[in-house]
Protein chains: 2
Amino acid sequence: MATQEQNTLLVAANKLRSNKIKNTPQRQVILSYLMTSHAHPSIEMIFKYVRTNGFSVSLATVYNTLQLFVDHNLIIEIAADSGGHMRYDYFETPHYHVICVNCNKIVDVFDDTYKENEKLATKKTGYRILNSQYEVYGICPDCQKKIDTKISV
Amino acid sequence: MATQEQNTLLVAANKLRSNKIKNTPQRQVILSYLMTSHAHPSIEMIFKYVRTNGFSVSLATVYNTLQLFVDHNLIIEIAADSGGHMRYDYFETPHYHVICVNCNKIVDVFDDTYKENEKLATKKTGYRILNSQYEVYGICPDCQKKIDTKISV
DNA sequence: TTGTTATTGAGAATTATTATCATTTAAATC
DNA sequence: GATTTAAATGATAATAATTCTCAATAACAA
Ligand SMILES: [Mn+2]
Ligand SMILES: [Mn+2]
Ligand SMILES: [Zn+2]
Ligand SMILES: [Zn+2]
């Protein structure tokens with residue numbers, strides 16, 4: 001009987017096959033991690049995840065693999081981290097991101113009305129539109145509590 | 001009689017004053033450049049602009065100044081450049097950006113309906129919303145011609 | 001299997017960004 | 001206008017992020 005981990009690796013392997021990307025253990029585990037994680041991880045988080053899960057990987061391979069997935073429109077890059085790090089997200093179902101400017105926590109909102117703007121973008125600019133991304137910045141509930149406490153003291 | 005350049009420097013100086021930011025020649029010229037340019041320049045472009053216009057400036061000051069302006073919500077950062085460079089934009093009137101994935105050209109669309117999504121974001125996430133950014137990716141008309149020509153040859 | 005070609009990975013090289021701190025400057029006060 | 005003081009500048013050092021190199025390895029088509 002297959003474990004959950006083995007199962008997500010198989011799902012990832014199939015996704016790679018259907019995108020005509022050569023299967024490697026590194027690619028499978030990185031893709032399966034992005035498919036199941038809600039953390040919107042950074043390069044460093046992905047690198048650590050792969051190694052702590054018993055796979056060998058180099059930082060160069062993480063960079064190469066993520067670029068490959070971006071080029072295939074499997075994942076998106078989010079410039080969310082005030083530390084200047086990119087964050088990565090499996091992007092099958094259109095959604096947008098709400099990002100805490102204090103702690104960098106990213107949450108999803110599964111609503112695709114923002115995509116409506118692509119029509120006007122085409123008309124106004126003549127660009128051939130490929131995709132679009134929407135990011136909302138604010139303070140998450142946890143950080144609101146911390147900040148409000150700090151102010152009232 | 002004031003030249004156009006002197007005039008935009010004065011406008012920038014007033015903007016700094018009204019934001020209680022200490023006036024320096026470097027800050028004035030960087031802000032006036034961002035206010036009048038439609039290029040959405042990178043750090044390097046800003047650095048060169050300031051120097052070629054007869055002002056002394058260091059790269060450190062460009063970085064510091066842009067961070068200061070971002071913190072004061074005078075400008076926004078756009079992670080647009082496939083070369084990994086940030087681009088900067090004076091952001092008084094809400095608008096969004098259409099970015100060519102081939103040549104990195106950025107054009108404005110002055111329509112703020114994308115901001116409507118902020119309401120749902122608050123309701124769904126509990127975040128206290130500060131601002132939001134929308135980016136559309138595609139191929140600009142010039143690059144469409146080049147690419148289509150290449151294919152047909 | 002075997003052969004071909006693409007991928008991996010360790011470390012070097014490069015590039016981007018931030019930190020340091022002596023010098024200079026803005027602007028508030030006299 | 002001169003004095004004062006805190007803040008800004010800038011040359012360069014330090015750090016961190018990303019890309020490059022290329023020999024060894026692995027995928028997979030035939
Ligand atoms: Mn997401
Ligand atoms: Mn703009
Ligand atoms: Zn937070
Ligand atoms: Zn273009």
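From a predicted model like this one, the values you see are computed outputs, not experimental measurements. Numbered from 1 within each chain, the chains take letters A, B, ... in sequence-line order.
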- prompt: With under 30° as parallel and over 60° as perpendicular, where do the rings of A/Y134 and A/Y114 fit, or are they tilted in between?
  reply: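 Parallel.
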Check: [X]/[Y] side-chain N/O donor and acceptor closer than 3.5 Å:
X: A/E77; Y: A/Y88; answer: yes
X: A/H72; Y: A/N19; answer: no
X: B/Q26; Y: B/Q28; answer: no
X: B/D108; Y: B/H97; answer: yes
X: A/N117; Y: A/S132; answer: no

Tell me the interatomic distance from [X], atom [atom1], to [N], atom [atom2], rounded to whole angstroms.
X: B/R87; N: C/dA16; atom1: CZ; atom2: P; value: 14 Å
X: B/I46; N: C/dA16; atom1: CD1; atom2: C1'; value: 15 Å
X: B/L16; N: D/dA7; atom1: CG; atom2: C1'; value: 14 Å
X: A/H85; N: C/dA16; atom1: NE2; atom2: P; value: 16 Å
X: A/M45; N: D/dA17; atom1: CE; atom2: C1'; value: 17 Å
X: A/Q28; N: C/dT8; atom1: CD; atom2: C1'; value: 15 Å
X: A/F55; N: C/dT7; atom1: CZ; atom2: C1'; value: 16 Å

message: Tell me whether the side-chain N/O atoms of A/Q26 come closer than 4.0 Å to OP1 or OP2 in C/dG9.
response: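 Checking A/Q26 against C/dG9: at least one side-chain N or O falls below 4.0 Å of OP1 or OP2.
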query: Taking OP1 and OP2 of C/dA10, is either one under 4.0 Å from a side-chain nitrogen or oxygen of A/S58?
result: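 It does not, given that no N or O in the side chain of A/S58 lies less than 4.0 Å from OP1 or OP2 of C/dA10.
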Choose from [options] the nucleotide whose nearest atom is closest to any side-chain atom of [X].
X: B/T24; options: D/dC20, D/dT9, C/dT8; result: D/dT9
X: A/A60; options: D/dA27, C/dG11, D/dA11; result: C/dG11
X: B/R27; options: C/dA26, D/dA8, C/dA19; result: D/dA8
X: B/N23; options: C/dA10, C/dA27, D/dT9; result: C/dA27

- request: Run the salt-bridge test on B/E92 and B/K15 with the 4.0 Å N-O cut-off and return the result as yes or no.
  value: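 A salt bridge is present here (some side-chain N lies under 4.0 Å from a carboxylate O).
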message: Pick the closest DNA chain C nucleotide for A/I21 and for B/I21 by heavy atoms, then say which residue is nearer the 5' end.
response: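 Here A/I21 is the residue nearer the 5' end.
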message: Using heavy-atom distances to pick each residue's nearest nucleotide on DNA chain C, tell me which of B/I43 and B/P25 is more 5'.
response: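 So the residue in question is B/I43.
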- prompt: Contacts to DNA chain D from residues 62-75 of chain B, heavy-atom cutoff under 4.0 Å, which residues?
  reply: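 Close to the strand, none.
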Which residue lies more 5' along DNA chain D, comparing A/L59 with A/K22 via nearest heavy atoms: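 Between the two, 5'-proximity favours A/L59.
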